[in-house]
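Presented below is the structure to which this report refers.
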Amino acid sequence: MERKEDRPTSGRRGIIARHPVIFNIVVIAIVAFTGLYIVYLALALFTKHGESDKVPGVENMTYTKALELLHDKGFRVDIRDSVYRDDVKPGLVIEQFPKANSTVKPGRKIFLYINAVHPKEVVLDDVNHPSEYAMKGLSYRTAMAKLEELGFKNVRVVKVLGATDRVVKVLANNRPVRKMQKVPVNARIVLEVSDGRLSALKDSLQNEEFKNAALEGEYVAPYPDYVYQDDEEYTTGTSSQEPSPAASSQTPAVVSDPQPEPEETPSQYLE
């Protein structure tokens, strides 16, 4: 004989058995809704939904003072980068992110950019020959491009006597820079570059040598009006006269044409 307490249970089982797909969909929907609600409560708890704070401005403050102020407001601090600027005192905050008065969640991390206490140091020439001058032999344009890329601002070019437009040496704060040597980026750089005048000077000297060689062995008489004869006498016209040593060592004088004698007049013959 069937008991009464077993009838409802068997009825529910009958519904599930008749509609298993619908039952599973309902169960899945309930579980999903419950999970979404739990996630929403967790996000609201961890993200502090509905709460916000304003970021205080800490630029141009010292690092210690900025750190103290941000911690007092409940923010976290991270040093993003350290740069060097000549126009800013070392140790000051150059930039912050997020910016001042930005609305953010409480406890957000604030990134700070600090001006370095010491300038950045770089190597001009990384070839492992410490006894040689840095950048020696590079072209002028290549050297200037490399210095600009490394961050040097104070660069002066000095032309020296040389054959080509190549770098002779580099001076940092009036001291020669060697290979593998580190130099601060705020140093005063003097770039000595040859100007090519040496090639022109060599060509000029060679031309002068050729000219002297062409003239070698050719006699130029100091007195063009005189003719040198085998008897070592200088003659001009019908008179024979040897020039004095003093006259031969001086620049030949310009001999003017003789004045024509006055013509005889008929009166002379009458007399």
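- Expressed to the nearest 0.5 Å, how far NZ of Lys65 lies from CG of Asn60 amounts to 11.0 Å.
- Contacts classified as salt bridge (Lys or Arg N to Asp or Glu O under 4.0 Å) and involving residues 106-123 (residues at least two apart or in different chains) are not found.
- The hydrophobic cluster analysis finds Val127 isolated: no Ile, Leu, Val, Met, Phe, Trp or Tyr side chain comes under 4.5 Å of it, directly or through other members.
- Open room surrounds CZ on Phe97; 12 or fewer heavy atoms of other groups in view lie less than 6.0 Å from it.
- In this structure, CG on Asn115 lies 4.0 Å from CD1 on Ile94, to the nearest 0.5 angstrom.
- Through side-chain heavy atoms spaced under 4.5 Å, either directly or across other Ile, Leu, Val, Met, Phe, Trp or Tyr residues, Phe33 is tied to no other residue.
- In this structure Arg76 satisfies the side chain to side chain donor-acceptor pair (under 3.5 Å) test with no other residue, sequence neighbours excluded.
- Expressed to the nearest 0.5 Å, how far CG of Asn186 lies from CZ of Arg85 amounts to 14.0 Å.
- Nearest heavy-atom pair, Ala187 versus Ala172, reported as atom, atom and distance to 0.1 Å: CB-CB, 4.3 Å.
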Only pairs under 3.5 Å count here: list side-chain donor-acceptor contacts from residues 142-159, not counting sequence neighbours, and write none if there are none.
unit_1, atom_1, unit_2, atom_2, d
Thr142, OG1, Ser139, OG, 2.7
Lys146, NZ, Leu124, O, 2.7

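- When side chains are defined from C-beta on, Val167 does not count as touching Lys136, because their heavy atoms never get closer than 4.5 Å.
- Here salt bridge (Lys or Arg N to Asp or Glu O under 4.0 Å) pairs that include residues 90-104, with residues two or more places apart or in two chains, are Glu59-Lys99, Glu95-Lys99.
- Scored by the side chain to side chain donor-acceptor pair (under 3.5 Å) test, Asn174 finds no partners at all (sequence neighbours excluded).
- Partners of Asp195 according to the side chain to side chain donor-acceptor pair (under 3.5 Å) rule, which considers only residues two or more places apart in sequence or in another chain, are Arg197.
- For Asp126, there are no salt bridge (Lys or Arg N to Asp or Glu O under 4.0 Å) partners, not counting sequence neighbours.
- Cluster note: Val93 groups with Val55, Val58, Met61, Tyr63, Leu67, Leu69, Leu70, Phe75, Val77, Ile79, Val104, Ile110, Leu112, Ile114 through ILVMFWY side-chain heavy atoms spaced under 4.5 Å, whether in direct contact or through intervening members.
- Follow the hydrophobic side-chain contacts under 4.5 Å out from Leu171 and you never reach Tyr140; the two are in separate clusters.
- How far NZ of Lys105 is from CG of Asp53: 10.0 Å, rounded to the nearest 0.5 Å.
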Acceptor/donor pairs from residues 176-185 side chains to any protein atom, 3.5 angstrom cut, sequence neighbours excluded:
unit_1, atom_1, unit_2, atom_2, d
Arg178, NH1, Ser131, O, 3.0
Lys179, NZ, Asp125, OD2, 2.6
Gln181, OE1, Arg178, N, 2.9

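- The backbone N or O of Ile30 lies less than 3.5 Å from a partner atom in the side chain of Thr34, making a donor-acceptor pair.
- Through direct or indirect side-chain contacts shorter than 4.5 Å among Ile, Leu, Val, Met, Phe, Trp and Tyr, Tyr113 is connected to no other residue.
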